[in-house]
Amino acid sequence: MHTRILIAALLGVAVSCAQAACTPLTIDSFTTLNKNNLGGWVSDDGSCASFAVNNNKLKIKSKGTGSYWYESGLCAAGNNNAVAASWAGLSFTVTSKEGPVSFSVNLQTNSVASCTTYTSSYISVYVAQGTTQVTLPFSSFPSAFLSNIVALSFESMSVTTTYPIAFGPLSFYCANGTATSTTTAAGPTTKSTTTTSTAAGPTTCDLTVEDFNDPQRLLFLGYNAMSPPAASSDDGTMATFMVDYNRTLTFKPKTSSYYYTNLNCKKVSSKYAGVVFRITMPGEVIVTLEYSTSSGCSSISSADVSLHSQLGVPFNTMTRVTIPWSAWTNAGTIFVNSIVFSPTVKSLHTLGPIRLYCAGSNFPGAAKLPSATAPAGIPFPTPYPVSTAGRYLIDQFTSSTTNARGAGHASSDPTLLKPTYNTAAKTMTVSFPTATYESSDGQWYSPTSSSICTDLSKYASSYLHVKIASLPAGQDFAIGFEQAPSTCIATANPNPEGFGEVQASRYLTGTDIYVPMSHFNITLQRTGAFLLKSFRTWSSVTFSIVEIVNSVPSGVVIPGQLSQLPLIFKCTVPNTIAFGIDDGDPNLASTVLDILRSENVKATFFVLGFPLTDFSTNLATVYKGALAEGHQIAFHSYTHPYFSSVSDADLDWQIENGISAVQNLIGVTPKYFRPPFGNVDPRLRQRLADRGIKNIMWSIDVQAWMYGTST
């Protein structure tokens, strides 16, 4: 009877909300242990080390990623239509005394009026030590059906050993509500899967272990796609080990080579049926499962599966492989510590995304990043202006050593970008010998005169014209001019002071590129060399002329000018020096701070976002301490990519998640950015300028990055 009264009362609230002002809904005030305010069941199914209610807080000691708890009853109580009630999201508090914690929130919804089946949408949450008010907008949950919310679960929780994690009142909040702070995911942390089950507990399916979406996350930071981060590496055992942006790992083994990816002792047997991945292999590959039958993985067992001899995986054919746990062990309960791939043939292999699959899964493809919206920029005036300055020929490739101005043209590093000149045909073809992501650092320059500074101010209303043979599919690059130093002295530091650049594809009509000189955003009285840089892929491009002309032919479309702040190479205050430190070995962070403290020196720390989410590094706590001591916190991307080589969507993802990680885990909004490897292109500069973020370079490099093992 009590349940029926509660249903009727709460249905009345939902109807009145649809017609009048929104009223927040308290789901659980944590006054009792196993019942929430809606009469629904609350439980951890014994997955946690402790699970108790005290002083209106749910207090949990987690065993690790296999620990979870859930709230049911929303559907049965009729409080499941967030659209009609105008609720904006989920709100609760989290208190941690032990350090930063992480977990995933699973919003279980259904497209039809059913309380027995649902679609799960996840968002991973990271909170710092202390008490945090968490607000998760419903818009953060992908593919959620907000008109029929079935249940909630909290999963993949951080391990706690001494103090429990305390959750405060859980509610749906209104759009006009306020919160102390908003804590959401700091990485690629949302995923959606469809499952058929009752709403009694969590049903995580098709968990991505490694998507090979981000080369630098694996190759530079040594992490896979797990959340929280888990180690993944070949430990330097491979002759070739590289990630392509088509979500594959290419490796060539040496003797006793291997590649492993960790799962951090994840309980898998109750949720997942096995492992699925794609592989092209020239010979036998042994896949080893390192596992335990008890939480904590204090005792590790291992078992091997031979892909060819046992499973019949063919050679030299891309094959999707599914391996059930039973291929390795018949143990009833399995906690997986790592999966290891050991090739036996010293030839190239290709490995695709690695996932854990649920029984009956259709093995969906890896989640795709949303496409980026192309910015419009400031419209160029029409009809297009016509200059009277005349033609200025920079290069027509009649010599392999000098250009049309009598100055030497060359590659900044022929191992990265190699020019090949056909002086008879008057062309130059650029190619990329090493074919690695570092290739995007390669530049080709052609000075605008034999002087350090060339005054091109008379050409302010003219157009740069670059002709190419064709632009290969997927290829793009930047064209620009160096900004010569104000002294026009070759030995000045920095030299150049910067450069103005645009993305070639935006200005391409057929095989001709026309760019208004005003779009390069430099002081034309001090123009340096013409540049080709930031090539997106390793496809060769052939050029036939570089010149400045008075006008553009009919049919040419000039796009709007995009925002672009100058690159900062030196301090604006005379006789000062700024000390910037890029993210490095987490084990040395506290030592660096001790040194700075002893010398009474303040520095700017350029912080990577993804390592902040790895709470084992303690970096978030270290940098919060640095901030309190008067140091400045800026950001350095999310996973340290070569920005020139990533897609527009990946670039947006790097910036947004890098900023979010610093905001959520350190508590500041960064105003400064340093590009990994100093690698910038017009797309990156435009996005930073639109956010008012300054791009900090350097004029003195102490080259500490060359000595990665030094202390």
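Residues: numbered from 1 along the sequence shown. Computation of the quantities below employed the complete heavy-atom set of this structure, encompassing side-chain atoms and omitting hydrogens, waters and symmetry-equivalent molecules. Values in this document were obtained by computation on a predicted structure and should not be read as measured data.
- Here His636 pairs with His640 under the ring-ring contact (aromatic ring centres under 6.0 Å, His included) rule; sequence neighbours left out.
- For the 3.5 Å distance criterion, the side chains of Asn148 and Thr109 fail to qualify, holding no donor opposite an acceptor.
- Residues Tyr259 and Glu210 are in side-chain contact: their nearest non-hydrogen atoms beyond the backbone lie under 4.5 Å apart.
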(message) Apply ring pair (Phe, Tyr, Trp, His ring centres under 6.0 Å) to residues Phe167 and Trp69 and explain how you reach the verdict.
(response) CA-CA 11 Å; Phe167 288 85; Trp69 62 279; 5.3 Å; yes
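- From Leu619, atom CG reaches atom CD1 of Ile666 across 8.5 Å, with rounding to the nearest 0.5 Å.
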(request) Please assess Thr293 against Thr333 for the test side-chain contact (heavy atoms from CB on, under 4.5 Å), listing each intermediate value before the final yes or no. (result) CA-CA 6 Å; Thr293 56; Thr333 301; 5.6 Å; no
(request) Verify side-chain contact (heavy atoms from CB on, under 4.5 Å) between Ser171 and Leu25, making sure each step is shown before the conclusion. (result) CA-CA 5 Å; Ser171 64; Leu25 173 70; 5.9 Å; no
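- When every heavy atom of Pro169 is checked against every heavy atom of Asn56, the shortest pair comes out as CD-O, 4.3 Å.
- In this structure, Ile655 and Phe635 approach most closely via the heavy-atom pair O-CE1, 4.1 Å.
- Inter-residue side-chain proximity for Thr639 and Tyr223 is flagged as unmet; no heavy-atom pair is nearer than 4.5 Å.
- A side-chain donor-acceptor contact under 3.5 Å links Trp325 to the backbone of Tyr272.
- Among Tyr70, Phe92, Phe51, the one residue that satisfies the ring pair (Phe, Tyr, Trp, His ring centres under 6.0 Å) test with Phe154 is Phe92.
- By the 4.5 Å heavy-atom criterion applied to side chains, Leu608 and Ser637 are counted as neighbours.
- Remark: side-chain polar atoms of Trp328 are not paired, donor with acceptor, to backbone N or O of Ile323 under 3.5 angstrom.
- Screening Phe138, Tyr173, Phe172 for a ring pair (Phe, Tyr, Trp, His ring centres under 6.0 Å) with Trp87, the sole residue that qualifies is Phe172.
- No side-chain heavy atom of Gln654 sits under 4.5 Å from any side-chain heavy atom of Gln216.
- Ring-plane geometry between Tyr638 and Phe610 is classed as perpendicular, the angle between the planes exceeding 60 degrees on a 0 to 90 degree scale with a lower cut at 30.
- Rounded to the nearest 0.5 angstrom, Thr93 OG1 and Phe30 CZ are separated by 8.0 Å.
- Using modelled atom types and a 3.5 Å distance limit, the side chains of Asn37 and Thr26 yield no donor-acceptor pair.
- Leu207 is listed as a side-chain neighbour of Lys266, based on a closest heavy-atom distance under 4.5 Å.
- Residues Ser295 and Cys265 come closest through the heavy atom pair C-SG, 4.4 Å.
- Of the inter-residue distances, the one linking Cys48 atom SG with Tyr68 atom OH reads 8.5 Å to the nearest 0.5 angstrom.
- Among Leu152, Val42, Ile149, the one residue that satisfies the side chain to side chain contact (heavy atoms under 4.5 Å, CB included) test with Ile27 is Leu152.
- Side-chain N or O atoms of Asn224 include one that pairs as donor or acceptor with a backbone N or O of Met226 at under 3.5 Å.
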(request) Go through the steps to decide whether Gln108 and Glu71 satisfy the test side-chain contact (heavy atoms from CB on, under 4.5 Å), and finish with yes or no. (result) CA-CA 10 Å; Gln108 300 169 355; Glu71 297 266 355; over 6 Å; no
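- Counting heavy atoms from C-beta on, the side chains of Leu289 and Ile339 come closer than 4.5 Å.
- When each of Val275, Asn262, Leu263 is checked for a side chain to side chain contact (heavy atoms under 4.5 Å, CB included) with Val209, only Leu263 meets the rule.
- In this structure, CG on Asn36 lies 9.5 Å from OG1 on Thr31, to the nearest 0.5 angstrom.
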(message) Let's go through Tyr623 and Val662 carefully: what are the C-alpha distance in whole Å and the side-chain angles of both, what is the deciding distance for side-chain contact (heavy atoms from CB on, under 4.5 Å) to 0.1 Å, and is it a yes or a no?
(response) CA-CA 10 Å; Tyr623 285 131; Val662 174; over 6 Å; no
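- In this structure, NZ on Lys61 lies 9.5 Å from OH on Tyr163, to the nearest 0.5 angstrom.
- Counting only heavy atoms from C-beta outward, the side chains of Ser91 and Gln133 approach each other to under 4.5 Å.
- Here the straight-line distance linking atom CD1 of Ile334 with atom OG of Ser294 works out to 12.5 Å at 0.5 Å rounding.
- The heavy-atom pair separating Ala327 from Val305 by the smallest distance is O-CG2, 3.7 Å.
- Counting all heavy atoms, side chain and backbone alike, Leu33 lies closest to Val53 at CA-CG2, 3.6 Å.
- The shortest side-chain heavy-atom distance between Val321 and Phe277 falls under the 4.5 Å cut-off.
- Panel note: side chain Ser233, backbone Asp235; a donor-acceptor pair is recorded below 3.5 Å.
- Looking only at atom types and distance, the side chain of Gln663 has a donor-acceptor partner in the side chain of Thr669 under 3.5 Å away.
- A distance-only check finds no donor-acceptor pair linking the side chain of Ser302 to the backbone of Glu290 [under 3.5 Å].
- When every heavy atom of Asn264 is checked against every heavy atom of Ala230, the shortest pair comes out as ND2-CB, 3.5 Å.
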